[in-house]
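Since we're looking at a predicted model, the values are computed, not measured.
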Amino acid sequence: MINVLIPNVGRRGYMVDYIKGISCFDGKIFVSDCDKTASGLYGNNDGFFILSKPIDNEKKYIDELLSVCTINHIELIIPMIDPEIYILSNYIKVFEQCGITVLVSDRQVLDICYNKLNMNQFLSENDFSVPKTYTNIEAFKIDYLRERITFPIICKPTFGSGGKNTFVINNMESLEVNFKENMLIQEYLSDAVEYGVDVFNTFEKKPVRCVIKRKVSMRSGETDKSYTVVDAKMTSSMLRLANALGHIGNLDCDVMVNNGKYYIIDLNPRFGGGYPATHAVGVNLLELILKMINNELIVPDFNSYEDRVLVMKTISIIKTKWEE
């Protein structure tokens, strides 16, 4: 029996339902968040906790989290948000000493994924395509005057997730207003088609699953509608990426396809908002995590999911008693 905690669950209450639906699962699932109005707290879980915000007081949060895990005999933590993953990576050994597995990749992997400059360097060194990128306006202006790049362009943070503070810029005046320190200027691939890819590695950092989804629409920085795509060429590219990066668990990748060329624009070593589409076509990555914990053999299986399955998120209503 394995008890699981999903911290900072936010709106992802469906993750609890997914785990509860695994036939071999006989444990309990707990959730937590720093916001008592997070809808994921009030679903089909076995208990929830309101903990401190991780980035406000790291030590206090870790102490609270360890206490919750110890009291409730939790053996597996599956984090959902980027800032917390980075923090938890500092305490993996502490949790291991308490018999708790934290599903996070090595710090080297996180440093690549969460710094867009590090990510672009890693991708370029491993022969993956990335959009033209500039760290300052002066360098961009030089290429602009030489007609090596043109508007519109993308302006986004070097560190960031969920599309926050990312702008499409149409002229120099707007660029000078919106560009700040620790931001990047990036080529806008106007004719590109965007895909989300889930590629899953074992504890041994070997890829065993890969699901490709064509994005149809986004909402609040997450994939809202998408449909599955079976593409052997893209799968091969993503498996090469997974082997080179060496992440653990799921890697949520954003890929732009422009004139037959794959441009990787984001890497998130966690479950992303597009995971429900992967789960809906029978690729249960959460079940694989449980098998990994139990040291079960996982046979690689790629391109066996159904092609062109459209998955859409709906809006459901939750009510609970308000308490001060």
* **Cluster link V216 to M218, ILVMFWY, side chain under 4.5 Å** => no
task: Indicate yes or no: does K53 engage D35 in a salt bridge with an N to O separation below 4.0 Å.
output: no
When every non-hydrogen atom of L245 is compared with those of C113, the smallest separation belongs to CD2-SG, 4.1 Å
With no hydrogens and no angle check, is any side-chain donor or acceptor of T133 less than 3.5 Å from a backbone partner on Q186?
no
- Message: Is it the case that atom CZ in R11 sees more than 12 heavy atoms from other parts of the structure closer than 6.0 Å?
- Response: no
Using atom types as modelled and distance alone, determine if a side-chain donor or acceptor of E84 lies under 3.5 Å from a backbone N or O of P79. no
*Is any side-chain N of the basic residue among E222 and R12 closer than 4.0 Å to the acidic one's carboxylate O?*
yes
Requested in this report: Check step by step if side chain to side chain contact (heavy atoms under 4.5 Å, CB included) holds for I2 and N294.
Outcome: CA-CA 9 Å; I2 298 175; N294 289 325; 3.8 Å; yes
| query | Does the separation of the ring centres of Y42 and F48 fall below 6.0 angstrom? | reply | yes
Above 12 or not: heavy atoms from other molecules or residues under 6.0 Å from CD of E306?
no
Smallest heavy-atom separation, N258 atom then Y263 atom, equals CB-CE1, 3.9 Å
Note to self: Would N250 and R209 count as a side-chain hydrogen bond (donor to acceptor under 3.5 Å, both in side chains) here? Give the steps.
What the structure shows: CA-CA 9 Å; N250 195 43; R209 298 289 187 276; over 6 Å; no
**Request:** Given side chain to side chain contact (heavy atoms under 4.5 Å, CB included), test Y195 with D231 step by step and report yes or no.
**Result:** CA-CA 11 Å; Y195 292 81; D231 183 330; 5.8 Å; no
**Item:** Presence of salt bridge, E138 and K141, under 4.0 angstrom
**Value:** no
Residue E181 excluded, over 12 heavy atoms near CD under 6.0 Å = no
Looking only at heavy atoms, the pair that brings S89 and V104 closest together is CA-CG2, 4.3 Å
CG (L51) and OG (S67) are apart, to the nearest 0.5 Å, by 9.0 Å
Please list, one pair per line, the donor and acceptor atoms closer than 3.5 Å that link side chains of residues 273-287 to other protein atoms, with sequence neighbours excluded.
| from | atom 1 | to | atom 2 | distance (Å) |
| --- | --- | --- | --- | --- |
| Y275 | OH | H279 | ND1 | 2.8 |
| Y275 | OH | L285 | N | 3.1 |
| T278 | OG1 | D198 | OD2 | 2.6 |
| T278 | OG1 | K213 | NZ | 3.0 |
| N284 | OD1 | L286 | N | 3.2 |
| N284 | OD1 | E287 | N | 3.0 |

Open item on the list: For F271 together with F200, are the ring centres under 6.0 Å from each other?
Closed with: no
Rounding to 0.5 Å, atoms CG (D254) and OG1 (T223) come to a distance of 7.0 Å
message = Is the shortest side-chain heavy-atom distance between Y114 and P269 below 4.5 Å?
response = yes
Discussion item. For N259, I'd like to know if atom CG has over 12 heavy atoms of other residues, nucleotides or ligands within 6.0 Å.
Written reply: no
- Are V109 and I78 connected in a single hydrophobic cluster, I mean Ile/Leu/Val/Met/Phe/Trp/Tyr linked by side-chain heavy atoms less than 4.5 Å apart? yes
*asked:* Donor-acceptor check, side chain of S236 to backbone of A232, threshold 3.5 angstrom: yes or no?
replied: no
Check ion pair K132-D143 (N to O, under 4.0 angstrom): no
Taking every heavy atom of V31 against every heavy atom of G40, the minimum-distance pair comes out as CG2-O, 3.9 Å
According to a hydrophobic-cluster definition based on side-chain heavy atoms being under 4.5 Å apart (Ile, Leu, Val, Met, Phe, Trp, Tyr only), do M119 and V199 belong together? yes
| said: Taking N268's backbone N and O only, do any of them form a donor-acceptor pair with D252's side chain (distance below 3.5 Å, no angle check)? | reply: no
message: Suppose we call two aromatic rings close when their centres sit under 6.0 Å apart. Are F128 and F122 close by that rule?
response: no
Check your understanding: How far apart are the C-alpha atoms of N178 and S174, what are their side-chain angles, what is the distance that settles it, and do they pass the side-chain hydrogen bond (donor to acceptor under 3.5 Å, both in side chains) test?
Key -> CA-CA 6 Å; N178 287 284; S174 180; 3.2 Å; yes
**OP:** Output yes when a side-chain donor or acceptor of K206 lies under 3.5 Å from a complementary backbone atom of F203, and no otherwise.
**Re:** no
_I'd like to know if the side chain of N45 and the backbone of L41 have a donor-acceptor N/O pair within less than 3.5 Å._
yes
- Stepwise, does the side chain to side chain contact (heavy atoms under 4.5 Å, CB included) test hold for M15 with M80? CA-CA 10 Å; M15 297 293 281; M80 294 284 110; 3.8 Å; yes
Exercise for the section: Give a yes or no on whether the backbone of G10 and the side-chain of D33 come within a donor-acceptor separation of less than 3.5 Å. Expected result: yes
Value for CG (D46) from CG (N3), rounded to nearest 0.5 Å, stands at 8.0 Å
| message | So does V229 get a backbone contact from the side chain of Y305, meaning a donor-acceptor N/O pair under 3.5 Å? | response | yes
H247 backbone acceptor or donor facing N201 side chain under 3.5 Å:
yes
Heavy-atom closest pair (M256 atom, A192 atom, distance to 0.1 Å) is CE-CB, 3.7 Å
**Prompt:** So R219 and D224, salt bridge (charged side-chain N to carboxylate O under 4.0 Å, His left out) or not? Walk me through it.
**Reply:** CA-CA 6 Å; R219 179 188 296 169; D224 191 49; 3.5 Å; yes
- Task: Report the C-alpha separation of F151 and Y188 in whole Å, then their side-chain angles, then the decisive distance to 0.1 Å, and conclude whether the ring-ring contact (aromatic ring centres under 6.0 Å, His included) test is met.
- Result: CA-CA 8 Å; F151 290 100; Y188 181 73; over 10 Å; no
Looking at S52 and Y61, would you say the former's side chain and the latter's main chain have a donor-acceptor pair under 3.5 Å?
no
Between C253 and L267, the two heavy atoms sitting closest are SG-CD2, 3.9 Å
Next item on the list: Go through I77 and L65 one step at a time and tell me if the side chain to side chain contact (heavy atoms under 4.5 Å, CB included) criterion holds.
Entry: CA-CA 10 Å; I77 298 175; L65 188 61; 4.2 Å; yes
